[in-house]
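Proteins get letters first, then strands, A, B, ... in listed order; numbering begins at 1 in each.
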Amino acid sequence: MPIGYYYAIAAIMFCTGLVGVLLRRNAIVLFMCVELMLNSVNLTLAAAARQWGSADGQVFVFFVIVVAAAEVVVGLGLIVNIFFRRGTLDVDAPRLLRG
Amino acid sequence: MTSVLLATEASDAGFTAVEASGAAAVAWLIPLLPLIGFVILVFNPRRVREPTAGYVATAAAGLSFAVSVLVFVQLLGQDAEQRTIITELFTWFDVGGFHVDVALLLDPLSAVMLLVITGVGSLIHLYSIGYMHGDERFTTYFAYLNLFLFSMLVLVLGSDLLVLFVGWELVGLCSYLLIGFWFERSEYASAAKKAFIVNRVGDVSFMIGMFLIFNTFGTLAFAGVLPEAGAIAGTATATAIGLLLLGGATGKSAQIPLYVWLPDAMAGPTPVSALIHAATMVTAGVYMIARMSAIYLGSTTALDVVAWIGVATALLAALIAVRQDDIKKILAYSTVSQLGFMFIGVGVGAFAIGIFHLVTHAFFKALLFLAAGSVMHALANEQDVWRMGGLRKHMPITFATSAIAWAAISGIPPFAGFWSKDQILTEAYETGHEAIWALGVAAAILTAFYMTRWLILVFFGQERFGRDLHPHESPSTMTVPLIVLAVLSAVGGVALNPTLQGPLARWLETAVGAFHPEEGMDLLFGLSEPILIALSVVAAAIGIGAAYLLYFRDGPERLTGPVARVLEQRFYVDQFYELIFVKGGGLLSRGVAFVDRWVIDGAVNGAATATRWSAGVTRRVQSGLVRAYVGLLALGTVAVLAVFLVRAG
């Protein structure tokens, strides 16, 4: 299978995730979209590693997965906390950092 | 002229210091005693009250006088070359190449000054006990008086120009405190400020002179500077130093152009006027020039400027004194005028004679001021001489002592002022300053005139004071100093220095350089000394006679006419200064304040405003909406990628 297909799928996944982040208001969905974007990058990295016969990309994938896992831990903690305090998961509701 | 100066022996003989022993070893007591008095009084204004405070202060001054006498007697017993004693007390600072010792300098000049300051000062202290009776801040007054004495003693005793300068500034501070002693009245407070500020102007010049001395000699100690002064004789540096120091002296000694503070300085209590005018502050300038005589002898230009400033001041102030109506203001302008005479003395190179006049003037001017105080005391603080008169009968002691002081200042032989003033004029003539001599004689005529007028208006004629006033003689604490000073004014001149080479002049020789007018100088008119003396007496007689005719024979009447008007307004000098310096200075400051407020502050505030405004605009970006941030992030990423793609393509 040509390498371009992998890239195309990765691009579609990334754009889907980006659009989701931009348009959806539910914090959990937002998170899932972010995961989608991260995975699209992982896919690109793995495909590229395969293409050039180098393990660097695959190593990066593991890093990304680890970081993403850590991010999810922190992010879910925040989301739970916000939900307890505000009773909603709408990310537009808390605007404490407005200038 | 130069040959005259070469004929003088600069004072380099003076600084072979000898070990202090006897009274000189405890000379540090002289300034210390008034300082102790000051400390006791100023920290206990509630506990030490009238009259104890007065006795404490007077005792401090009197003991200081006693030590001064002992020191003087000791110096008198030593050989002329051994009469300079420098006692190091402690090192003030030693930084880089700059070393300043606080050391006492005892020599013939400082000994004379010590006796005048502590002697006349003690009498003024004693007198103040009576005069300040009943004043709320009696103790504070005496504390200041002691501090004044201390400051002046530091000035005179300092063996280093910097220590002298410390005393110089301290007397300035004390004059401020005492002139403004009754600061409740705003014009008194502003008189104090005027004295302080005018003196500051002179001090700037004095300090620059000190810098120049340090730059030239590498030290400010008299022992380092004066013996080396010959090395710069005749150079522009000597002239510059002389003129800059003169600038300081014109401030302290109230000479043109900085004399304006002294007549206002009589706002303070009258004994303070006596202290400032006779024994302390104003004599500092004359003392300093005499002390720096070695430098001045190296510059005929600087000396001539000193003499000309002296004669101009003597004449101008005497003219103003003719038409003043305030009993103390007449005396104040008289002081300015007499200081002018001293400047003539030191300016023609006769330093010892200048100091001689300083001493006799201290006697009779202190007496005149204290007598004026006695009169004011009797007349419920009346100061207008036109509301006095006929006091001769009511106050016999005050009158008799005033008459002696009048005779002394008018130049009637054998009273003190005659000898000193005559010798100054004679020296001026014999050193070839004929013009200065002639103007000096004119000033002497005026002196006799205005002092006679003063005496007549206060003590003779009809009683012009209010009917409800019953003038009486002052208490003995006041009359005793008057009598002592009257004796000194009567015999001081003939006892101290009856000829140009009299005891005082010879005594001062080692400190200020002997002065020998050149033999066979070709002088205008070619007058001999007896003729000069006779002319001096005639001058006094003319002045007295004119005043007698104008104010006594036909009853006193104010002079009128345009000339009298100008004199009464003091040649509009104060108004001129007011216009140029006060108004001009105010205008300048307002201009500067405007620039500060609108340009400097404007720039600073403008920067702040611009920042705040731009913040107001950009803060909208911080919406707090996560999705907005993400959107912007995405847009930015796209933009960056676009740039890369375009450049790569």
*Look at atom CZ of A/F63 and say whether more than 12 heavy atoms of other residues, nucleotides or ligands are closer to it than 6.0 Å.*
no
_Proximal to chain B - members of residues 18-53 of chain A, heavy-atom separation under 4.5 Å_ = A/L18, A/V21, A/L22, A/L23, A/R24, A/R25
*B/Y259: what forms a side chain to side chain donor-acceptor pair (under 3.5 Å) with it, not counting sequence neighbours?*
none
_Test of understanding: with ring pair (Phe, Tyr, Trp, His ring centres under 6.0 Å), list the residues that count as partners of A/F14, not counting sequence neighbours._
none
*So does A/Y5 have more than 12 non-hydrogen atoms from other groups sitting under 6.0 Å from OH?*
no
*Residue pairs fulfilling salt bridge (charged side-chain N to carboxylate O under 4.0 Å, His left out) with at least one residue in residues 598-614 of chain B, sequence neighbours excluded*: none
*Are more than 12 heavy atoms from other residues, nucleotides or ligands located less than 6.0 Å from atom CZ of B/F165?*
yes
